[in-house]
Amino acid sequence: MVVEVMDMILWTLYFSFLGAVLVLLLPGRAAKWAALSVAVATLAAAFAGASEYMSVSAQAPWVTLAKSPWIPSLGISWHLAADGISITLVLLTALASVAGVLFSWNVAHRPKEFFALYLTLIGGVYGVFFSVDLFLFMVFYEIAIIPKYFLIAVWGSTRREYGAMKLALYSFIGSALSLAGILAAYAVAGGHTFDLLELASYPFPPQFQYWAFPLVFVGFAILAGMWPFHTWAPTGHVAAPTAASMLLAGVVMKLGAYGCLRVAMPLFPIGLEEWSLFFAGLGVVGIIYGALVALAQTDFKFVIGYSSVSHMGFVILGLMTLNAVGLQGAVMQMFSHGVIAGLLFAVVGRMVYDRTHTRELSELGPMQLYRSMPFVTVVFVLAGLASMGLPGFSGFVAELMIVVGAWRGIPWMAVMAGLGILLAAAYTLRVMQLAFFGYGDNSSENSHSDMSKIDAISWPEKTGAVLLLAASLCVGLRPSLLLDLIAPAMNTPLVQVILKGAGS
Amino acid sequence: MPCEYWWWVLFLPLATSALIAVVSRPWRNASAVVSVASSFLCFFIAAWGVHTQSHAPSPVQWITAGDFSISIGMVLDGLSKTMLLTVTGVGALIHLFSMGYMKEDNGKSRYFACLSLFMFSMTGIVLSSNLIMTFLFWELVGFSSYLLIGFWFERPSAAAAANKAFIVNRIGDFGFMIGILMAWHWLGSIEFAQLEGALNDGRGAHVPGIILVLMTLGLFCGAAGKSAQVPLHVWLPDAMEGPTPVSALIHAATMVAAGVYFLCRVFFLISLSPATMNVIAFIGGGTALFAALIAVQQNDIKRVLAYSTLSQLGYMMMAVGLAAPGAAMFHLTTHAFFKALLFLGAGSVIHAMHHEQNIWKMGGLKDKMPITCWTFVAGMLALSGCPFLSGFFSKDAILSAALEKNHFLFALGLGTAFLTAFYMTRLTVTVFFGKEKTKSASHAHEAEATMWVPLCILAAFSVVAGWGGAIPDMLAISSGENHGHIVPALSAVVFLAGIWLGFYFYRGKKTEPFSVSLLANKFYVDEIYGATFVRGHDKLGEACRLFDRWVISGLLVRGTGLVVSGTGHLIRFMHSGNLQGYAFLFVIGIVFVLYQYLIR
């Protein structure tokens, strides 16, 4: 049984890296097709792996996929494993990568390099989700960051060098902090293993945990867009090409949250307990603050960028509830936000910007896009509804679980998070209206006449949009699809450490 | 025996909506027929189910995650059955009316898809067996009404109204959610049956009083948002931007009544807190009078009806607060009939007048549209509390409760009843009687059968719905005791006085004979909110944006960057490659070290 799981799910990792090489070997015309085939293959592998996990999860919620020594002298090994949390995020990554290729169908500048970097990034992300060895974890973490820089700096738009550099610096500072904390833990635990399972069972002295926990946690949380370390996110999103901003919001921000949940929290449960209220507070500030800033933006993509900050605040809050409902809600929210933010960025970057060449809401309004782009308008309205947590979409269940989880620990934070849900409706409706319907200026009848010349929405765009919307709807209507994956993971040692630590 | 066919009542409208959106969108008439047929089918299934007294189907688990579990189930008691029949019955008639009203609209398929989606959400609230399920459908109702209010989204005013409705509703939902979380936390369940059981067993006794007050106020906050009670009433009048049948369905008979219905559903809970009950009673009574005063000075036919709806909802809320949920539900039901009738009548007038809504441009429609006129009069009399029509009995039940509990609220209710008769007479006289005031009024004519048949059916119900205590019997909640003849006599007097004054002031008038700008401007509530809350949160958003740009991005992030690059620049000067420079620094270094070691 276990062997079969390994066979399927690990192919997501192998396919991505092999695919990156393959794309480089093929002629440029074939690059996008090759990338699409690879992405679809990883999606199939992810689904197969998820279903196999479901069949064994009751007995074995933690499945070891591979374990062999790599650098034995330092205690570093090639140790890969999966549980419901990582498989949920693998599914998300696979979905986002297929959609990302579809929304990059029109990349004409150096497509080979673009898709090779793209697949390398995806591979790094899968690697992080499977790594149990912390050294390996950090290696994959860096592999995911480097292609990011090039994708933005070469294929990006507005102030791309600035955005790319800011993002790279933030990422590296974050990973440096985490790495420092991990190395300290490695040293304190005797310096003979980087294995997360072994380190997590080592009783680190409380005094050490008090400073090591925030170090590692903040290092990862920077990439999750935690306030006040969030400013890389909106700038990076705006500068990035569509597929990159989809991955950035959809997957890379999850890397940070995953690092918090998988590494920082189980490694230092005492430190976690000490700091949980503080970081929950930062999560709540992020929720409200991100929403308020989104309300005042004039650039379409910045609105979505700050909405990501707000939604990721929910993830941080969910993690810091330290109870099973809140943690499951946080994982649900990671999935939900990944899908929805990906779709929103696709609408803004690919469907709208590539046709109108502006993201200024004041310029988009008079174009009255609902006339010339009815399909895009419907997609954005649906994605917006999903984003504001309407029942029927995944966001509702996720945010409900987080709020309920928060209520059990810290009621007033649940109240503040509820306020964030309210603000989400305000900024989403505002941007929906300003970008697509544009009232107050009916004199510009001539401006939308030239909009009739715009390209029709192509099939890859339609497919990608439907794929992401369907994912959000399926999970929203039938939450057990994901919860059946996530719930067994609550029984793994790494999660039990968190839950028990809070209980005692 | 649980009967699974009840699921059809709930999911048939959703299936219809999906069918229209996916399949029949290009064929507008087919969409209309499908939607109307499904609405009638729903009503018949519901009526059959109520008639055979079949039991609710067993609940279905929706979310299970450890001790966090939410099910989708149904409660079928007198309360939900009455509400279900009202909602599906009035809903079906309004669907039928819409066929005529929306005949020439290009978005007819979209219209009927939204209408069916709304019916799904509303039925969900009615049948819901737990708080979270109610919340879920509560949100969906808010969303589908958003779609319907903003149906003509090309009009900026319609889009703004839709946004306003959604956001104000969400403000209510925010409190609602907190109330639900508190109930869940302190009483240990979200199922209505278990909550009631827990409270009856005395397990609720450990809940501190302040918690109980906050919890019930939270639940009331949600109800006040949906039922448009002061201070969350501002969305309802603006919501009249939607097509008129939508106003009849959502803003008269169903959605706005959901708040009252919900409070009756959790009456066992809110009645534990006398403070909350007082708040509900006074907000209800206040809303009733406040809205009636505004209605006196409105010139748009739909806005008069909208404020009248606010006022009547205030009445129902007051009844809930006075511990008379039976009276509230009784009035809710009769109100659903006559207010839907009045809105549809207004729709028929607006249709005939080519979308003119100003009552001072109508007049004399009595002879042009006799069916609309006389059904409208029936509805107007029922609303005003004409003896022996439905509104008279239900209003009587509320006023009796008020007389028993609180004389101030009784006087307030009586005053509102007088104003109601007055402004409805003003409306009817100006629209249907006297001389035509414009050309389009003289060219108006009666609409087709799909439109007047629902009017006649609703008129019949508006007349007879109060007879024989049929509705209170079905509700199986006592709607109050009979207090002799004082209340009926007094309400008959204020009814006659209102009608007489209305005729006296408005008969044969071509323009408004007296104007009170405070009332015509709705007490300036929108302006006050605009200057405070709306501006306030815009400013807050702007402040956060500037903070993000200048403090976090600018000072902290760029500042860190500048310090780093500045240090780099400084160090660069030292690496000049100039031998004398290095020698100079070397000497300074030696001097410094010597100073440290020798002198100190």
Side-chain angles (χ1 to χ4, degrees), chain A residues 166 169-170 227-232 234-235 288-297 306 324-325 328-329 368 370 385 388-392 396-397 400-401 403-405 407-408 411 414-415 418-419 421-423 425-427 429-430 432-433 437 439-440 442 478-480 483-484 486-487 490, chain B residues 61-68 70 121 124 132-133 135-140 142-143 146-147 150 153-157 159-160 162-164 166-167 169-171 173-175 177-178 180-182 184-185 537-549 551-554 556-557 560-561:
Chain A
K166 190 168 183 178
L169 283 178
Y170 261 89
W227 190 89
F229 307 106
H230 63 279
T231 62
W232 67 268
T235 339
I288 306 257
Y289 180 91
L292 281 173
V293 179
L295 204 54
Q297 292 302 319
Y306 278 100
V325 177
Q328 293 179 70
Q368 305 208 308
Y370 73 90
L385 294 170
M388 66 171 94
L390 195 80
F396 175 77
V397 184
L400 180 70
M401 291 180 78
V403 170
V404 170
W407 184 271
R408 293 186 181 175
V415 173
L419 208 57
I421 300 178
L422 173 62
L423 287 171
Y427 68 73
L429 290 179
R430 171 183 172 270
M432 209 184 266
Q433 188 167 348
F437 300 99
Y439 301 106
N442 289 331
R478 197 99 193 88
S480 56
L483 281 176
D484 287 351
I486 302 171
M490 294 296 119
Chain B
Q61 284 296 318
W62 185 52
I63 302 181
T64 325
D67 58 343
F68 176 87
I70 295 169
S121 327
I132 294 286
M133 180 179 166
F135 183 77
L136 195 154
F137 283 101
W138 203 257
E139 290 279 305
L140 284 177
F143 162 63
Y146 166 81
L147 291 179
F153 58 84
E154 294 93 341
R155 280 202 302 219
S157 55
N163 279 358
K164 188 171 177 181
F166 194 86
I167 290 176
N169 265 295
R170 272 238 163 161
I171 294 174
D173 294 351
F174 169 61
M177 172 125 215
I178 293 168
I180 292 175
L181 289 173
M182 292 179 83
W184 200 349
H185 184 81
H537 95 260
D538 282 353
K539 292 275 169 224
L540 194 59
E542 190 59 27
C544 283
R545 188 181 73 84
L546 292 175
F547 180 79
D548 205 63
R549 179 153 179 199
V551 179
I552 296 193
S553 262
L556 298 180
V557 177
T560 314

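All chains are named by letter (A, B, ...) in the order of the sequence lines, taking the proteins before the strands, and each is independently numbered beginning at 1.
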Subject >> Atom group of A:Tyr306 that falls short of 4.5 Å from chain B, counting heavy atoms >> reply: side chain
Subject >> Minimum side-chain heavy-atom gap B:Arg170-A:Ile421 below 4.5 Å >> reply: yes
**OP:** Test side-chain contact (heavy atoms from CB on, under 4.5 Å) on A:Trp407 and B:Met182 and set out the steps.
**Re:** CA-CA 9 Å; A:Trp407 184 271; B:Met182 292 179 83; 3.3 Å; yes
Original post:
Using a cut-off of under 4.5 Å for heavy-atom pairs, which of A:Ala296, A:Gly389, A:Ala414 has the most such pairs with chain B?
Top reply: A:Ala296
Original post:
For the residue pair B:Phe143 and A:Leu385, what are the closest heavy atoms and their distance?
Top reply: CE1-CD1, 3.2 Å
Original post:
Parallel under 30°, tilted from 30 to 60°, perpendicular over 60°: which one fits the rings of B:Phe135 and A:Phe396?
Top reply: parallel
Original post:
Nearest heavy-atom pair of B:Ile171 and A:Leu422: which atoms, and what distance?
Top reply: N-CD1, 3.5 Å
Original post:
Looking only at heavy atoms, what is the nearest atom pair of A:Val404 and B:Trp184, with distance?
Top reply: CG2-CZ3, 3.7 Å
Original post:
Of the non-hydrogen atoms in B:Trp62 and A:Pro479, which two are nearest, and what is the gap between them?
Top reply: NE1-CD, 3.5 Å
Subject >> Part of A:Met388 within contact of chain B (heavy atom distance under 4.5 Å) >> reply: both
Subject >> Residue part contacting chain B, namely of A:Ala426, when any heavy atom lies under 4.5 Å >> reply: both
Original post:
For A:Leu483, is it the side chain, the backbone, both or neither that has a heavy atom under 4.5 Å from a heavy atom of chain B?
Top reply: side chain
Original post:
What part of A:Leu292 gets closer than 4.5 Å to chain B, counting heavy atoms only: side chain, backbone, both or neither?
Top reply: both
Original post:
Which one, B:Ile180, B:Thr64, B:Ile167, leads in non-hydrogen pairs under 4.5 Å with chain A?
Top reply: B:Ile167
Original post:
Of the non-hydrogen atoms in A:Arg478 and B:Gln61, which two are nearest, and what is the gap between them?
Top reply: NH1-O, 4.3 Å
Subject >> A:Val325, part contacting chain B, at a heavy-atom distance under 4.5 Å >> reply: side chain
Original post:
Side-chain contact, heavy-atom cut-off 4.5 Å: B:Ile70 with A:Leu400?
Top reply: yes
Original post:
By a 4.5 Å heavy-atom criterion (distance strictly below it), what part of A:Leu169 contacts chain B: side chain, backbone, both, or neither?
Top reply: neither
Subject >> Contacting region of B:Tyr146 [heavy-atom separation from chain A under 4.5 Å] >> reply: side chain
**OP:** Would you name the heavy atoms of A:Ala425 and B:Phe166 that are closest together and state the gap between them?
**Re:** CB-CE2, 3.9 Å
